[in-house]
Amino acid sequence: MEITEPIESKNFLQEIIENDIAEGKHDGRVLTRFPPEPNGYLHIGHAKSICINFGLAKQYNGQTNLRFDDTNPVTEDTEYVESIKEDIKWLGFDWANEYYASDYFDTLYDYATQLIGKGLAYVDDLTAEQIAELKGTPTEPGKNSPHRDRSVEENLDLFRRMKDGEFPEGSKVLRAKIDMASPNMHMRDPLLYRIKYAHHHRTGDKWCIYPMYDFAHGQSDSIETITHSICTLEFIPHRPLYDWCIEKLEIFPSRQYEFARLNMNYTVMSKRKLLQLVNENHVSGWDDPRMPTLSGMRRRGYPPKSIVEFCDKIGVAKRENIIDIGLLEFCVREDLNKTATRVMVVMDPVKLVITNYEGTGEHLSAENNPEDQSAGHRNISFGKVIYIEREDFMLDPPKGYFRLSPGNKVRLKYAYIIEYENHITDSEGRITEIHVKYYPDSKSGEDTSSIKVKTALHWVPESAINAEIRLYDRLFVVENPNSDKDTDFKEFINKDSMVVNTRAMLEPILKDADFGKSYQFFRLGYFCLDKDSSSEKLVFNKTVGLKDSWAKILQK
RNA sequence: UGGUCUAUGGUGUAACGGUAGCACAACUGAUUUUGGUUCAGUUAGUUGAGGUUCGAAUCCUUGUAGACCAACCA
């Protein structure tokens with residue numbers, strides 16, 4: 001018999017790197033970087049970038065720097081620096097060096113003067129509006145600024161005085177002298193430096209001029225001798241400028257490569273929009289469990305491994321994509337199924353009385369995880385009165401209903417087989433008690449009754465405890481909240497994205513639930529303890545539900 | 001409409017001139033003390049039109065569609 005090895009397919013970045021290594025480029029060295037701007041929290045899209053940058057380096061015996069792209073002091077803050085570092089570590093990655101673009105401000109200033117010296121940059125006095133006007137449009141060439149041909153000496157002097165704070169904010173900029181007629185808008189004398197009298201989170205008030213992205217990012221890559229600078233597709237038009245700066249400055253030739261960013265349905269991914277959700281209180285914060293942020297997913301109970309697995313499954317390519325959020329949920333379930341401790345919780349309890357049960361103090365042994373025998377067993381107290389899920393009993397069930405109904409016996413998980421006898425209703429006809437008889441010889445593990453049942457129901461004993469359970473659904477009701485240009489994305493927010501259940505009854509052992517641990521509420525889904533819990537009140541988050549094929553049958 | 005990038009099942013992603021494969025989703029069935037898990041199987045795809053070639057998802061020509069580019073943002 002022939003055994004065929006599964007073929008490991010490579011993505012285009014792996015091919016590029018393998019070619020570079022084969023050609024002996026940079027002596028086969030691989031150094032990548034993850035360059036977040038500290039102006040927001042990391043989301044699942046950043047996780048893709050993190051996995052690519054750190055993953056590639058790991059795969060090819062290289063390293064990855066963490067570099068904060070902090071060139072705009074107005075929007076940046078150390079709060080974000082801390083959260084970003086925490087999230088990367090949580091995903092399981094370690095950076096070789098922690099750098100900041102602001103570490104290079106002196107070098108960058110020097111680079112700028114070099115460019116001026118070569119006649120390749122000039123100080124422009126035009127206003128932002130005038131510059132925009134002369135820039136032309138994608139279909140029309142731009143026009144030269146009247147200040148374009150200042151002498152090297154004058155430019156050097158003006159630029160130094162910009163640095164020294166002699167000019168008001170917005171009055172002057174430094175621009176590269178390239179080509180105002182270029183079909184690439186980014187090559188039409190791009191801005192290199194602007195004046196900002198703003199306090200920087202690292203350099204304080206040392207500087208009043210700050211480099212633009214295009215004059216900081218590539219140069220930072222070069223200073224660190226990054227070999228593969230991997231970014232998203234929208235930076236493709238910046239690449240000629242990236243290369244231009246390296247060429248004119250004659251510095252280390254880092255190379256930029258672009259991949260398609262992650263998009264996911266039923267959510268938004270732009271930092272600006274996420275910030276709006278937070279600031280306008282549509283969610284409780286950056287770590288709201290409904291947010292696509294890593295801190296939100298952590299709080300929701302998504303294991304970091306499942307996020308890394310997800311990033312691996314979605315692949316890397318240059319084509320626009322919208323990933324089904326169901327794939328992420330699949331990865332979460334796949335991990336949690338193997339690791340989560342099983343417990344019983346009844347979300348919508350109804351009293352069940354076992355009329356022929358006369359035992360007292362009986363304890364039943366329950367398996368903690370059928371997927372992992374080493375997880376062991378625990379005891380649950382059983383009695384004449386217990387609670388089951390209201391939807392697990394029907395007087396007049398539809399075809400295909402396996403659960404308790406007149407004439408349809410079921411097993412109580414870890415306990416006995418029961419059979420319906422009677423029920424009690426209140427004045428509105430709502431069932432308040434279900435009376436059943438049980439088969440003493442059907443005890444779980446020692447069943448000699450030879451009764452066949454179709455399913456086992458979860459239940460809780462009378463000693464069950466109370467908690468608040470937060471059930472989450474997708475944050476938006478449409479697949480792409482950005483699709484309609486005339487409608488604000490917030491119009492599509494799912495009003496029922498969080499539903500709070502306070503009447504649930506939980507197996508008593510959950511009063512000792514641990515933070516950071518996942519539980520499978522039997523037949524319901526995966527849950528975890530929320531940070532809002534206190535000694536008086538437990539709060540659980542629903543991470544994700546179990547696949548529910550009965551719900552699917554009912555839909556038909 | 002100037003430039004750039006991209007088009008493979010419902011969604012992603014492979015196949016580098018030689019059998020269109022994998023994952024998720026969907027659907028069957030088996031197993032099951034979770035209508036979960038697991039297992040077996042099914043459905044379903046190369047953007048249109050030409051061309052080169054014994055042979056094209058792949059190369060060429062030409063359409064079409066989508067994305068990105070005119071912040072003193074990154």
Side-chain angles (χ1 to χ4, degrees), chain A residues 6-11 15 35-37 39 69-72 74-76 101 124 127-128 131-133 135-142 169-175 182-188 191-196 209-210 212-214 216-217 231-240 258 260 265 271-272 312-324 326-331 333-334 337-338 342 344 367 370-371 400-403 410-415 417 442 444-445 447 453-458 520-525 545-554:
Chain A
I7 300 153
E8 266 313 298
S9 62
K10 295 184 187 77
N11 65 50
E15 293 194 348
E37 184 188 10
N39 69 346
D69 225 336
D70 55 352
T71 56
N72 185 1
V74 180
T75 57
E76 294 153 6
D124 200 345
T127 64
I131 289 176
E133 203 169 313
K135 204 142 213 172
T137 69
T139 52
E140 297 163 286
E169 196 163 310
S171 63
K172 284 183 169 44
V173 291
L174 183 74
R175 301 178 71 176
S182 170
N184 181 341
M185 298 296 291
H186 295 276
M187 298 299 270
R188 320 243 265 227
L191 271 63
L192 269 22
Y193 265 92
R194 76 284 215 191
I195 299 170
K196 270 185 199 287
I209 57 171
Y210 292 93
M212 299 289 289
Y213 168 85
D214 286 307
H217 198 101
C231 61
T232 48
L233 254 27
E234 64 269 29
F235 290 97
I236 290 177
H238 294 253
R239 179 154 30 93
E258 311 87 6
N265 55 11
K271 272 198 253 183
R272 205 193 92 247
D312 186 54
K313 276 187 156 61
I314 59 177
V316 183
K318 302 189 74 153
R319 142 173 44 152
E320 295 287 337
N321 59 79
I322 301 175
I323 308 287
D324 190 340
L327 182 61
L328 213 207
E329 294 175 342
F330 167 82
C331 294
R333 286 193 196 100
E334 188 183 40
N337 174 51
K338 290 184 218 127
R342 270 62 169 176
M344 294 199 288
E367 204 174 22
E371 305 292 322
Y401 187 79
F402 294 173
R403 285 110 101 147
V410 294
R411 174 175 294 283
L412 292 169
K413 183 71 181 173
Y414 311 125
I417 292 173
S442 66
S444 195
D447 184 356
V453 293
K454 283 238 180 59
T455 193
L457 304 184
H458 62 278
Q520 186 196 99
F521 291 1
F522 208 73
R523 298 210 298 147
L524 298 175
L546 257 25
K547 263 174 64 179
D548 188 349
S549 40
W550 172 240
K552 210 174 281 175
I553 292 166
L554 281 182

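Scope of the values below: all heavy atoms of this structure, side chains included, with no hydrogens, waters or symmetry mates. If you're wondering where the values come from, they're calculated on a predicted model, not measured in any experiment. Here is how names work: the chains are called A, B, and so on, in the same order as the sequence lines, proteins then strands, and each is numbered from 1.
Across all strands shown, A:A128 has heavy atoms under 4.0 Å from base atoms, whether or not it also approaches the sugar-phosphate. Among the protein residues, A:Q520 comes within range of the nucleic acid bases, having at least one heavy atom under 4.0 Å from a base atom.
The side chain of A:S9 places no N or O atom within less than 4.0 Å of a non-bridging phosphate oxygen (OP1 or OP2) of B:C22.
Distances were taken from every side-chain heavy atom of A:R319 (C-beta onward) to each of B:U6, B:G36, B:A74; the shortest belongs to B:U6. Listed candidates were B:C68, B:G35, B:U6. Nearest to the side chain of A:K318 is B:U6. Of the candidate nucleotides B:U37, B:A23, B:A74, B:U37 has the atom nearest to the side chain of A:N337. For A:P138, whose side chain is taken as the heavy atoms from C-beta onward, the closest listed nucleotide among B:G12, B:C69, B:U11 is B:C69. Listed nucleotides: B:A70, B:C72, B:G36. Nearest to the side chain of A:M212: B:C72. Here the nucleotide nearest the side chain of A:A132, chosen from B:A74, B:G36, B:A71, is B:A71. Closest approach to the A:I314 side chain among B:G12, B:A70, B:C72 is made by B:G12 (side chain taken as heavy atoms from C-beta onward).
With hydrogens and angles ignored, no donor-acceptor pair closer than 3.5 Å exists between the side chain of A:T139 and the base of B:U1. The base of B:G12 does not come close enough to the side chain of A:E320 for any donor and acceptor atom to sit less than 3.5 Å apart.
Remark: B:A56 base-pairs with no nucleotide; criterion is Watson-Crick or G-U wobble with both hydrogen-bond distances under 3.5 Å. In this structure B:C39 sits in a base pair with B:G29, meeting the Watson-Crick or G-U test at under 3.5 Å. Base pairing analysis places B:A23 opposite B:U11; the two distances defining the Watson-Crick or G-U wobble pair are each below 3.5 Å. Checking B:A67 for Watson-Crick or G-U wobble geometry (two distances, each under 3.5 Å) identifies B:U4 as its partner.
Residues A:K135 and A:L233 both approach RNA chain B. Their nearest nucleotides, taken by heavy-atom distance, put A:L233 toward the 5′ side. Nearer the 5' end of RNA chain B, as judged by each residue's closest nucleotide, is the contact made by A:K10, out of A:P237 and A:K10.
Between A:H186 and A:H238, the angle of the ring planes lies from 30° to 60°, which puts this pair in the tilted group.
The side-chain ring of A:Y213 is not stacked on the base of B:A74, judged by centre separation under 5.5 angstrom and plane angle under 30 degrees.
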